[in-house]
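Down below is the structure, laid out as structure tokens.
These numbers were taken from a predicted model, which means no experiment stands behind them. Heads up: numbering here begins at 1 and tracks the sequence.
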Amino acid sequence: MVGCFPIPRSSYSPLMKSPQSPDTVDTKFLVMTRQNRSDLILIKYGDRHVSMANSNFKPELPTKIIIHGFKGSGHDKVAKLLGNALLDLEDANVIFVDWEKGAAGPGYALAAANTQLIGRQLAILITDMVALNGDPARIHMIGFSLGAHVAGFAGKALKLLDIRVGRITGNDVGLKYT
């Protein structure tokens with residue numbers, strides 16, 4: 001579903017790695033809206049008719065996607081504070097990309113390689129949003145640390161489908177405060 005990734009040549013660089021399998025990384029997408037600030041709703045990519053339709057996701061609203069970085073989690077206290085602050089400013093969908101298992105490593109190089117996989121998974125989720133009449137111009141991806149790389153890979157995958165999101169914001173400051 002997310003495609004294939006090249007196998008790096010070990011002679012090229014010992015730091016180059018392939019991403020782990022989707023089952024190992026276990027990416028989760030969690031929706032927060034003004035109706036469910038404390039009880040996040042799990043949605044799955046590639047399952048828009050069931051997963052997204054049965055959540056509080058409203059395609060007519062702007063969507064903010066928050067992506068944590070290395071050793072982070074979609075349940076971090078700061079991520080939730082940011083989500084609530086965004087909802088205080090406007091009625092929107094806030095989606096947390098929780099790739100905690102893939103961001104844990106065991107080392108930075110493996111977590112960095114996993115950003116390719118998470119980016120493709122996120123791109124599939126965004127195509128689901130667009131298929132539900134969501135406006136890609138109203139989607140804002142906010143990536144922290146390696147999460148900025150996830151956003152970039154998602155944008156690259158979406159570009160191949162001629163979908164352009166409204167904004168990608170990358171921040172090299174980690175989002176990990178519990």
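Looking at Q116 and I118, their side chains never come closer than 4.5 Å, going by heavy atoms from C-beta outward.
Side-chain atoms of R34 come within 3.5 Å of backbone N or O of L87 as a donor-acceptor pair. Side-chain atoms of R37 do not come within 3.5 Å of backbone N or O of K80 as any donor-acceptor pair. Panel note: side chain D76, backbone A79; no donor-acceptor pair is recorded below 3.5 Å.
Within the model, atoms CD1 of I163 and CD1 of I139 stand 8.0 Å from one another, a figure rounded to the nearest 0.5 Å. Remark: T169 OG1 to I65 CD1 distance equals 11.5 Å, nearest 0.5 Å. Here the straight-line distance linking atom OG1 of T115 with atom CG of L146 works out to 6.0 Å at 0.5 Å rounding. To the nearest 0.5 Å, atom CZ of residue F96 and atom CD1 of residue I66 are 4.5 Å apart. To the nearest 0.5 Å, the span separating CG on L40 from CG on L30 amounts to 5.5 Å. The CG atom of L117 lies 6.5 Å from the CG atom of N114; values are rounded to the nearest 0.5 Å.
The only option from I95, V94, D135, I126 that meets the side-chain contact (heavy atoms from CB on, under 4.5 Å) definition with T63 turns out to be I95.
Between Y45 and F29, the ring planes are perpendicular. Angles over 60° get that label, and only those under 30° would be called parallel.
Nearest heavy atom pair, residue A154 against residue A123, reads O-CB, 3.9 Å. In terms of heavy-atom proximity, I67 sits nearest to M141 at CD1-CB, 4.5 Å. Nearest heavy-atom pair across S73 and H68 is C-CD2, 3.3 Å. Closest approach of D128 to G46, counting heavy atoms only: OD2-N, 2.6 Å. Smallest separation of non-hydrogen atoms from A103 and G69: CB-O, 3.5 Å. Of all non-hydrogen atoms in N36 and V31, the two that sit nearest each other are ND2-O, 2.9 Å.
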List the steps, then state whether side chain to side chain contact (heavy atoms under 4.5 Å, CB included) holds for L82 with K64. CA-CA 10 Å; L82 176 58; K64 312 293 184 183; over 6 Å; no
Apply side chain to side chain contact (heavy atoms under 4.5 Å, CB included) to the pair E60 and N133, showing each step before the final yes or no. CA-CA 7 Å; E60 67 275 9; N133 295 319; over 6 Å; no
Assess the residue pair L61 and E90 against the criterion (side chain to side chain contact (heavy atoms under 4.5 Å, CB included)); give the C-alpha distance rounded to whole Å, side-chain angles, the decisive distance to 0.1 Å, and a yes or no. CA-CA 9 Å; L61 294 178; E90 68 178 325; over 6 Å; no
Please lay out, stage by stage, how L86 and I142 fare under the test side chain to side chain contact (heavy atoms under 4.5 Å, CB included). CA-CA 12 Å; L86 290 167; I142 306 164; 4.2 Å; yes
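Atom CG of D39 is surrounded by 12 or fewer heavy atoms from other residues, nucleotides or ligands within 6.0 Å. Remark: R167 CZ is loosely packed, at most 12 non-hydrogen atoms of other residues, nucleotides or ligands lying under 6.0 Å away.
Linking Ile, Leu, Val, Met, Phe, Trp and Tyr whenever their side-chain heavy atoms come within less than 4.5 Å leaves L161 and F153 in two separate clusters. Both M129 and I168 are members of a single hydrophobic cluster when ILVMFWY side chains are connected at heavy-atom separations under 4.5 Å. In this structure, M32 is a member of the same hydrophobic cluster as L42, with clusters built from ILVMFWY side-chain heavy atoms closer than 4.5 Å.
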